[in-house]
Asks: 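Before anything else, here's the structure in question.
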Amino acid sequence: MIKSILATIALLCWASAATAQSGDNEQDSRWSIAIHGGAGTLDRDRITPEQDKDIRAALNQALAAGSQILEDGGSAIDAITATIMILEDNPNFNAGKGAVFTWDRTNELDTSIMDGSDLSAGAAAGINGTKNPILLARAVKDHSPHVMLSGEGANQFSRDQGLQQVPPEYYATPYRLEQIDKLLSKEVSAADIDYKFGTVGAVAMDQNGHMAAGTSTGGMTGKRWGRIGDSPIIGAGTYADDRSCAISATGSGEYFIRLGVAHEICARIRMRWPIALEEAQRTVPKDAEGNYTYIIHASEFMLSDEEIQQIADDVIAELGELGGDGGIIYATPWGQAGYSFNTAGMYRGRATSEGEQSVAIYGDEE
Ligand code: ASP
């Protein structure tokens with residue numbers, strides 16, 4: 001009994017801190033969303049005009065679907081789920097249909113999702129059979145007592161949940177088959193194969209100030225021994241917390257796991273906020289008695305766009321120093337939505353209630 005009262009008090013304190021920090025306001029109709037479709041050596045000479053057009057159309061379609069849900073007052077978690085499903089269904093991306101092949105010429109999909117309003121999360125690793133893996137992550141979050149399921153057990157759970165199943169050949173595309181065949185015949189190395197990764201992800205803030213993040217991937221071409229990347233790992237490839245940010249990552253997963261990239265960025269934002277608030281308060285003029293002429297309220301204080309970008313860039317720089325490639329998308333409780341990556345390009349897009357909607361591929365865009 002006492003335990004549960006304490007737990008309730010702790011939850012209320014956490015919720016009010018999250019509210020203060022996120023400026024949660026039922027009247028506030030702002031929302032934002034960012035998406036990615038993978039990062040890598042996305043040079044202009046590696047992508048045909050046709051591919052360029054198809055990718056941008058797919059990103060715009062996914063972005064529009066998520067934006068509409070947020071504009072209509074839907075939740076961040078619903079918006080990112082719908083967005084990621086569209087990208088999973090598109091064969092241009094390494095998730096759902098179009099997933100890369102393992103060394104054994106099979107598909108083993110990884111995915112995760114997180115709701116920043118209560119820190120609930122779900123993930124599935126090394127799965128197949130589910131048409132839309134992000135729905136399996138969502139089902140693990142919503143309908144199981146666990147956070148992460150793997151392999152056959154996860155596939156079984158998916159069937160038990162009544163999620164749409166597909167035969168193994170559903171995921172295959174001629175392009176991905178060619179990639180694995182080239183790799184297996186040693187014509188190219190795994191590094192060459194994955195010059196553009198193709199994982200998909202979305203992050204969002206809804207009109208109630210709630211955050212969510214999700215990621216879905218086939219992993220790395222030619223992966224062996226049940227290798228699991230960062231995408232299904234909460235804190236590495238995906239993280240969301242109403243007090244700080246929502247992150248989805250893409251790139252060389254081993255490095256993202258080692259740095260705990262998604263959580264690291266959110267933690268730095270969460271730690272920076274009260275310090276920045278205090279710094280801002282100190283700049284307020286004082287009256288004759290030495291009291292501040294006004295108090296900056298938590299609900300009206302936000303980290304600047306530059307500060308958020310710097311934090312994300314710092315963590316990606318550390319990733320690079322370690323030897324990792326890739327990038328992240330972010331959304332914050334103050335409405336910012338953006339990216340940071342150390343590769344030549346990243347399939348990406350963002351939209352906000354302020355009317356912004358853009359998609360981009362190459363590093364020199366925007
Ligand atoms: N991060 C994914 C993994 O390592 C791959 C990717 O993002 O393309 O499995």
Side-chain angles (χ1 to χ4, degrees), residues 34-42 46 55 59 84 87-88 90-103 106-113 123-128 133-134 137 148 150-151 171 173 175-176 179-180 183 190-203 213-239 247-265 315-316 319-320 322-330 339-348 361:
I35 64 171
H36 72 78
T41 321
L42 295 167
R46 300 237 201 192
I55 296 285
L59 292 172
I84 291 172
L87 296 170
E88 285 178 336
N90 189 304
N92 284 302
F93 302 100
N94 171 19
K97 186 158 189 68
V100 300
F101 282 87
T102 66
W103 187 262
T106 60
N107 300 108
E108 293 175 2
L109 311 165
D110 294 340
T111 178
S112 63
I113 197 164
I127 60 135
N128 57 43
I134 195 68
M148 190 179 203
S150 69
Y171 305 111
T173 61
Y175 173 62
R176 297 300 184 193
Q179 277 190 316
I180 189 63
L183 181 75
D192 291 331
I193 287 291
D194 282 318
Y195 69 87
K196 46 186 183 194
F197 296 109
T199 291
V200 308
V203 294
T215 310
S216 182
T217 188
M220 307 286 260
T221 305
K223 62 184 180 179
R224 301 169 89 173
W225 311 300
R227 179 263 187 193
I228 306 289
D230 60 315
S231 308
I233 298 182
I234 297 298
T238 300
Y239 202 74
I247 302 282
S248 170
T250 177
S252 46
E254 280 68 11
Y255 297 92
F256 284 78
I257 295 172
R258 289 166 60 193
L259 265 187
V261 167
H263 183 267
E264 178 72 15
I265 294 172
V315 176
I316 293 303
L319 178 90
L322 212 55
D325 284 336
I328 58 97
I329 50 172
Y330 63 75
Y339 335 95
S340 180
F341 53 96
N342 66 3
T343 43
M346 177 158 92
Y347 296 142
R348 60 200 188 276
I361 296 179

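Each ligand, and each atom within it, is numbered from 1 in the order the structure gives. Note that the structure is predicted; figures quoted are calculated from it, not measured. By convention here, the first residue in the shown sequence is residue 1.
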Asks: Apply side-chain contact (heavy atoms from CB on, under 4.5 Å) to I228 and list each qualifying residue two or more places apart in sequence or on a separate chain.
Replies: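 Partners of I228 by the side-chain contact (heavy atoms from CB on, under 4.5 Å) criterion, ordered by chain and then number, come out as D110, A125, P232.
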Asks: Go through the structure and list residues passing ring-ring contact (aromatic ring centres under 6.0 Å, His included) with Y330, not counting sequence neighbours.
Replies: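 Counting only residues at least two positions away or on another chain, Y330 forms no ring-ring contact (aromatic ring centres under 6.0 Å, His included).
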Asks: Could you check whether any side-chain heavy atom of D230 comes within less than 4.5 Å of a side-chain heavy atom of V261, counting everything from C-beta outward?
Replies: no
Asks: Whether the side chain of N94 engages the backbone of G219 through a donor-acceptor N/O pair (distance < 3.5 Å, no angle test) should be reported.
Replies: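 Present.
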Asks: Please give the N or O to N or O pairs under 3.5 Å between ligand 1 and the protein, distances rounded to 0.1 Å.
Replies:
from     : atom 1 : to   : atom 2 : distance (Å)
ligand 1 : 1 (N)  : D230 : OD1    : 2.6
ligand 1 : 1 (N)  : G251 : O      : 2.7
ligand 1 : 4 (O)  : R227 : NH1    : 3.4
ligand 1 : 4 (O)  : R227 : NH2    : 2.8
ligand 1 : 4 (O)  : D230 : OD1    : 3.4
ligand 1 : 4 (O)  : G251 : O      : 3.4
ligand 1 : 4 (O)  : G253 : N      : 3.0
ligand 1 : 7 (O)  : T199 : OG1    : 2.8
ligand 1 : 7 (O)  : T250 : OG1    : 2.7
ligand 1 : 7 (O)  : G251 : N      : 2.8
ligand 1 : 8 (O)  : T199 : OG1    : 2.8
ligand 1 : 9 (O)  : R227 : NH1    : 2.8

Asks: Report the residues that fulfil side-chain contact (heavy atoms from CB on, under 4.5 Å) with A34, sequence neighbours left out, ordered by chain and then residue number.
Replies: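 So A34 forms a side-chain contact (heavy atoms from CB on, under 4.5 Å) with V203, I329, A337, R350.
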Asks: Tell me whether R227 is salt-bridged to E108, with the criterion being a basic N under 4.0 Å from an acidic carboxylate O.
Replies: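 No, R227 and E108 are not salt-bridged.
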